[in-house]
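Indexing begins at 1, ligand by ligand and atom by atom, following the structure's order.
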Amino acid sequence: MTELKILLRDSFRSSKKQACLLEISAAIGTANCAGAPRLKYMFGRPPPVIAAKDLTVPLPTDSVTSILARFADAGFSPQEAVALLSSHTIAAADKIDTRIPGTPFDTTVDVFDSQVFLEVLLKGTMFPGQGNISHTGEVLSPIAGEMRLQSDFAVSQDPRTACFWQDMINNQNSMTSQFKAAMAKLQVLGQKNLVDCSDVVPVPKPFAGPIKYPATFSQKDVQQACKQHPFPKLATVSGPAPTVAPVPGS
Ligand code: HEM
């Protein structure tokens, strides 16, 4: 913990504070979620000099061709792009529908599990928020209070990525090791002299698994786009259909 305090103090004093803090927050924040891999923390990333130009960061309304092209520009394969999207297992939206900040992308937003890969494949019937109104960047969601990103759904259905997506389901070790490897690549992108300070990153709690269909759902609700691989057999949580609570503090 002392090392962490020194690191944070030095980050604040340095002109590099913004970029360094973002990176260490990502590594430590992820480690707070059970099931997460222990990410690396590479110290010394300088602050950005300009904002990313328009159309260089993928939008949820982009086509899969455009999304994969942006990842390829940065040296990431379609499989690595899907691996990075594992991050959406612990993510929520504030900006898609600003009236419902903190709307999670799966039913287990505090656990780094493969639930998001399953739930994005479940047929949607509603939009979260008041009035069942659609907002740019989302598609119909299967679960009350949950947001299904248009881009996640598109990637889950595209022939170039559908099997990578499906293969993540209930495959915790593969998902976390692919995510860790892709993140390690992302963390040093465009940098040469970063210092490996990964020792300060806590060891995350394990995830017991297996994952399950949310209550009332089963394989009949799956929009399976990868027909070449068998769909994993999963149990269903008992009880009534869930309503997902927003992430507090968003
Ligand atoms: C196809 C590429 C991607 C698209 C289109 C995309 C889109 C989005 C959108 C629209 C949100 C919700 C933002 C809001 O309304 O506040 C979001 C949240 C998030 N995304 Fe992605 N994303 C992509 C890739 C990634 C990658 C590669 C990572 C990390 C490795 C990532 C990590 C996150 C996280 C952590 C959040 C939650 C932020 C928060 O809770 O404030 N995303 N993403």
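Nearest non-hydrogen protein atom to atom 8 (C) of ligand 1 is Leu149 CD1, 3.6 Å. Here the heavy atom of the protein found nearest to atom 40 (O) of ligand 1 is Ala92 O, 3.3 Å. Among all protein heavy atoms, the one lying closest to atom 15 (O) of ligand 1 is Lys95 N, 2.6 Å. In this structure, the protein non-hydrogen atom closest to atom 13 (C) of ligand 1 is Ala93 CA, 4.3 Å. For atom 27 (C) of ligand 1, the closest non-hydrogen atom of the protein is Leu84 CB, 3.7 Å. Summary of contacts: the protein heavy atom closest to atom 36 (C) of ligand 1 is Ala91 CB, 3.4 Å. The nearest heavy-atom contact from the protein to atom 41 (O) of ligand 1 is Asp94 OD2, 3.8 Å. Annotation: atom 24 (C) of ligand 1 to nearest protein heavy atom, Leu85 CD2, 3.5 Å.
The proximity of Ile67 to ligand 1, defined as any non-hydrogen pair under 4.0 Å, is limited to the side chain. Residue contacts with ligand 1 for Ser151 involve side-chain atoms from C-beta outward but no N, CA, C or O (heavy atoms, distance under 4.0 Å). In Ile90, neither the side chain nor the backbone holds a heavy atom less than 4.0 Å from any atom of ligand 1.
The residue among Ser87, Gly102, Ser66 with a heavy atom at the shortest distance from atom 26 (C) of ligand 1 is Ser87. Taking all heavy atoms of Glu138, His88, Glu80 into account, the minimum distance to atom 23 (C) of ligand 1 is reached by His88.
Between Tyr213 and Phe231, the two ring planes are parallel [angle under 30°; tilted spans 30° to 60°].
Contact of the Thr103 side chain with the Ile96 side chain is not registered, since no non-hydrogen atoms from C-beta on lie closer than 4.5 Å. Contact check for Phe76 versus Leu186: side-chain heavy atoms found under the 4.5 Å cut-off.
Residues Glu138 and Ser134 have side chains that never bring a donor and an acceptor to within less than 3.5 angstrom of each other. In this model, no donor atom of one side chain and acceptor atom of the other lie less than 3.5 Å apart for Thr107 and Glu146. With no hydrogens or angles considered, a side-chain donor-acceptor pair links Thr108 and Asp113 at under 3.5 Å.
One distance of note links CG of Asp73 with CZ of Arg70; it measures 4.5 Å at 0.5 Å rounding. Atoms OG1 and CG, from Thr65 and Asp158 in turn, are 6.5 Å apart once rounded to the nearest 0.5 Å.
Per-residue contacts place Met183 under 4.0 angstrom from the following atoms of ligand 1 (heavy atoms of the residue considered): 30 (C). Each of the following atoms of ligand 1 lies closer than 4.0 Å to a heavy atom of Leu59: 5 (C). Taking every heavy atom of Ile96 and a limit of under 4.0 angstrom, the matching atoms of ligand 1 come to 10 (C), 15 (O).
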Assess whether side-chain hydrogen bond (donor to acceptor under 3.5 Å, both in side chains) is satisfied between Thr176 and Gln172, documenting all intermediate values. CA-CA 6 Å; Thr176 51; Gln172 185 74 16; 5.2 Å; no
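Among the atoms of Pro58, none of the N or O lies under 3.5 angstrom from an N or O of ligand 1.
Taking a cutoff of 4.0 Å between a charged side-chain nitrogen and a carboxylate oxygen, Lys185 and Glu80 qualify as a salt bridge.
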